[in-house]
Amino acid sequence: MAEEAFMKRTATCGSLTRADEGKTVILNGWVHRDRNHGMLHFINLRDRYGITQVVVDDDASPELQRAAAELKLEYCVAVEGLVRLRPDSMINPDMATGEIEVKANKIEILSKCAPLPFMIEEESSAREDLRLKYRFLDLRCDGMQKRIKLRHDFIRAIREYLSARDFYEIETPTLIRSTPEGARDFLVPSRLYAGKFYALPQSPQLLKQILMVSGFDKYFQIARCYRDEDARGDRQLEFTQLDLEMSFVNRDDVLLLMEELFNQVFKTVMNYDLPTHFRRISYHDAMNTYGCDKPDLRFDLPIIDVDDLAKASGFGNFQQILEAGGHVKALCVPHAEGIDFSRKFIGELEEAAKVYGAKGLAWMKVGAGRTLSGGVTKFFSGQEEEVIKRMEAKDGDLILMIAHENWKKCCTSMGAVRSKLGKDLNLIKEGFEFCWIIDFPLFEYNEEEGHWEAAHHMFSMPQVEYLDTLESDPGSVKGDLYDLVLNGYEVASGSIRIHDVELQKRIFRICNIPDDEAEKRFGFLLNAFRYGPPPHGGIAPGIDRMVMIMANQTSIKEVIAFPKNTAAISPMDDSPSTVDDLQLKELHLIIDAPEEK
RNA sequence: GAGGGCGUAGCGAAGCUGGUUAUCGCGACGGCCUGUCACGCCGUAGAUCGCGGGUUCGAGUCCCGUCGCUCUCGCCA
């Protein structure tokens, strides 16, 4: 065997136990902590698998002592030593390897480390942009290491489940035709064809539908998707989806498959038992009851319709809004220990509501003997009993009301209040609460553009009972659409697709895309649909978001190895960057450029 | 495109109604230390208080502008 260039590891820093006592091992890793007591020197050596305490004793050779003294944080080192049991009183029960230590007899410095820009701790405390600039260091911290592993385990469990059920994993191209609808495309200029562009896929939507035409009736892909839109805590320019499509299925086939998939995956990855089936809520009910289409069901706090009570009240403001076709929604905030419903408390809730378009937040306090006081109480004089009963309010509770001409804004602004209360009053239970949101409207009216457009995307099937009224009443058409929601985040979105050319064209026309335009943009799909397309449908769970939630994080950056910041910049490699004129010229993006030397 | 929050040493923070030499912890550097595990102890260096302007006898602190980061609305299946 060839002589090694360095002392190669024979064990990892997480592997040694009592059973290894007496063995001579070599560890490779980084100096995590360094406690030098002069004649006694402890070094916590870390690798991906754990941390092991290395000891340099007073009987160490001068050479070894010199090497140990030279060590600094995050030096990459090899240590050869003897595994020995720690004295009983020195056992560290918080450490997986806390029963043993390695008495060093040789230390080799594999590489040195510059002074650190921040400490590598379990959860980094440095500002996010600094963490991103030094992402290679940030990724060394225990929290990031665990989350990257969780992500791997999650994806692996998905692959195993689907492969065992006859799904093929098929890659689709990431240089594709631009079919702009919805988000902005990232464009890639063509060198060979001046003025032409590829687009990076927003999702493999059309390609997977064409795979169905090809007979691959169970397909999935861990697909990278790109959208040129502003970033958010749960949105990046590029993200990863489990893209999945099946032929000869209806909605319930897809929902049941997903339920079984996530039951198995959560059990495998987190040893967590999900309910066999997830609750199904219509879009309309979700909006009315929770004020959003991605409700967090870890707490209840339902929104209640009080149009009739508001109408009978003496509150002119409410009545005007109701007469204009608006709505009044209410919420009963349960009395909580240590929280008084002060002006400040209510004011903050009002601010949260205003962000979503509410003009104000009306309130009343419920007192002893089923009385109301404060806020808008005087307008509800004589209705106290009825209001308290409707709201199922108890002594000390707070009743909140929002009125708005626009139903959706009325719902979402109260939804924002509900959401804030869930956090502020600590109502959110531990765990994972999935639900399906179904029966979405297929179209919504774009006021600016002055025409209908697809609420989700244009390839989703209308529910059969609306097929005759698509054109006459687009606003009432419900689609075979479904979203999967987890703890208040939309984690998957899917639908049964259209596989009929004529129906697809009707949808295009309603969305203001005439036939010739449709042929130009989506001709390849329509062409495929002329050759025996099967009925099909699918779904696309977001990997980043799901792992984020499983890891109890609030930003997907925490589960992506090299994310970009909110300004769409990667502080580590400083992309996007300028390129030289020669490159631009080759891509026909500029005409004047220096000739190649 | 719009709003909120933040910006003080390599990192994390304190700095009140403006008032002498800008404080603390971690880290770095030097020294001491035989059972630590966030080791401890002594010492040293390290800050144009994001940047520009203004008010003032005097600005980290007040005002205006600007840049950066971050959260959110818009946007985003």
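So that the names make sense, note that chain A is the first sequence line, chain B the second, and so on, each numbered from 1. Reckoned from all heavy atoms, side chains included, excluding hydrogens, waters and symmetry mates.
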**Asked** Can you tell me the Watson-Crick or wobble partner of B:U20, both distances under 3.5 angstrom?
**Response** none

**Request:** Provide the distance between the two P atoms, one in B:G27 and one in B:U17, to the nearest whole Å.
**Result:** 33 Å

**Message:** Rounding to an integer number of angstrom, what distance separates B:U48 and B:A59 when you compare their C1' atoms?
**Reply:** 15 Å

**B:G60 and B:C16, which share atom name P, separated by this distance in whole Å** = 12 Å

**Message:** Considering every strand and a 4.0 Å limit on heavy-atom distances, what is the contact class for A:R84: base, sugar-phosphate, or nothing?
**Reply:** base

**Item:** Base-contact (B) and sugar-phosphate-only (S) positions in nucleotides 66-77 of chain B, heavy-atom cut-off under 4.0 Å, - elsewhere
**Value:** --BBSSSBBBBB

**Request:** Please measure how far the C1' atom in B:A38 lies from the corresponding atom in B:C51, and state the result in whole Å.
**Result:** 37 Å

**Length of the line joining A:K133:NZ and B:G10:P, which is rounded to integer Å** = 14 Å

**Asked** If we call it a pair only when both distances are under 3.5 Å in a Watson-Crick or G-U wobble match, what pairs with B:C37?
**Response** none

Please report, to 0.1 Å, the donor-acceptor pairs under 3.5 Å made by any side chain of residues 87-95 of chain A, with sequence neighbours excluded.
residue : atom : partner : partner atom : Å
A:N92   : OD1  : A:D94   : N            : 2.9

**Message:** Can you measure A:L40 atom CG to B:C37 atom P for me and round it to whole angstrom units?
**Reply:** 12 Å

**Request:** Using Watson-Crick or G-U wobble geometry with both distances below 3.5 Å, tell me the partner of B:G43, or none.
**Result:** B:C29

**Asked** Is A:R84 paired with A:E21 through a side-chain N to carboxylate O contact shorter than 4.0 Å?
**Response** no

**Message:** When the P atoms of B:G54 and B:U61 are compared, how many Å lie between them, rounded to an integer?
**Reply:** 14 Å

**Item:** Residues A:E558 and A:R131 bridged, charged N to O under 4.0 Å
**Value:** yes

**Test ring-ring contact (aromatic ring centres under 6.0 Å, His included) applied to A:H457 - qualifying residues, sequence neighbours left out** = A:F459

**Asked** Hey, would you say the A:F278 and A:F262 ring centroids sit under 6.0 Å apart?
**Response** no

**Request:** Can you tell me the pairing partner of B:C62 across any strand shown, Watson-Crick or G-U wobble, with both distances under 3.5 angstrom?
**Result:** B:G54

**Item:** A:E63/A:K106 salt bridge by N-O under 4.0 Å criterion
**Value:** no

**Message:** Just to verify, what does A:E99 make a salt bridge (charged side-chain N to carboxylate O under 4.0 Å, His left out) with, not counting sequence neighbours?
**Reply:** A:R18

Distance-only check: which donor-acceptor pairs under 3.5 Å involve side-chain atoms of residues 111-123 of chain A, not counting sequence neighbours?
residue : atom : partner : partner atom : Å
A:K112  : NZ   : A:E70   : OE2          : 3.1
A:E123  : OE2  : A:R147  : NH1          : 3.2

Give each protein N/O atom lying under 3.5 Å from an N/O atom of nucleotides 2-4 of chain B, with the pair distance.
none

**Message:** Whole angstroms only, please: what is the CD-C1' distance between A:E74 and B:C11?
**Reply:** 14 Å

**Prompt:** With a 4.0 Å cut-off on heavy atoms, is A:L130 in touch with a base, just the backbone sugar-phosphate, or nothing at all?
**Reply:** sugar-phosphate

**Between B:G40 and B:C26 - C1' atom distance, rounded Å** = 15 Å

**Request:** Taking the six-membered ring of A:F299 (Phe, Tyr or Trp), confirm whether the NZ or CZ of A:R418 is under 6.0 Å from its centre and within 45° of its axis.
**Result:** yes

**Request:** Only counting residues at least two apart or in another chain, list the ones meeting side-chain contact (heavy atoms from CB on, under 4.5 Å) with A:I210.
**Result:** A:F524, A:L525, A:A528

**Message:** I need the CG-P distance between A:D228 and B:G1, as an integer number of Å.
**Reply:** 14 Å

**Message:** Which residues pass the side-chain contact (heavy atoms from CB on, under 4.5 Å) test with A:L40, not counting sequence neighbours?
**Reply:** A:H37, A:F42, A:V55, A:D57

**Asked** Does B:C75 have a Watson-Crick or wobble mate here (both distances under 3.5 Å), and if so which one?
**Response** none

**Message:** If the condition is side-chain contact (heavy atoms from CB on, under 4.5 Å), which residues does A:S577 pass it with, not counting sequence neighbours?
**Reply:** none

**Request:** Between B:C71 and B:G35, how far apart are the P atoms? Round to whole Å, please.
**Result:** 47 Å

**Message:** Please evaluate residues A:F220 and A:L242 with respect to the criterion side chain to side chain contact (heavy atoms under 4.5 Å, CB included), reporting the C-alpha separation (whole Å), side-chain torsions for both, the decisive distance (0.1 Å), and the verdict.
**Reply:** CA-CA 7 Å; A:F220 81 99; A:L242 161 60; 3.7 Å; yes

**Prompt:** B:U23 and B:C49: how far apart are their C1' atoms, nearest whole angstrom?
**Reply:** 13 Å

I'd like a list of close polar pairs between nucleotides 27-29 of chain B and the protein, N/O only, cut-off under 3.5 Å.
residue : atom : partner : partner atom : Å
B:C29   : OP1  : A:K72   : NZ           : 3.2

**Prompt:** What pairs with A:P535 under side-chain contact (heavy atoms from CB on, under 4.5 Å), at least two apart in sequence or on another chain?
**Reply:** A:F248, A:H499

**Asked** Taking CZ from A:F118 and C1' from B:C11, how many angstroms apart are they, rounded to a whole number?
**Response** 9 Å

Tabulate atom names and distances for all N/O pairs under 3.5 angstrom spanning the protein and nucleotides 38-40 of chain B.
residue : atom : partner : partner atom : Å
B:C39   : OP2  : A:R35   : NH1          : 3.0
B:C39   : N3   : A:H37   : NE2          : 3.3
B:C39   : N4   : A:N36   : O            : 2.7

**Asked** Checking all strands, does A:Q236 fall into the base, sugar-phosphate, or nothing category for heavy-atom contacts under 4.0 angstrom?
**Response** nothing

**A:F508 and A:F522 aromatic ring geometry - parallel, tilted or perpendicular at 30°/60° bounds** = parallel

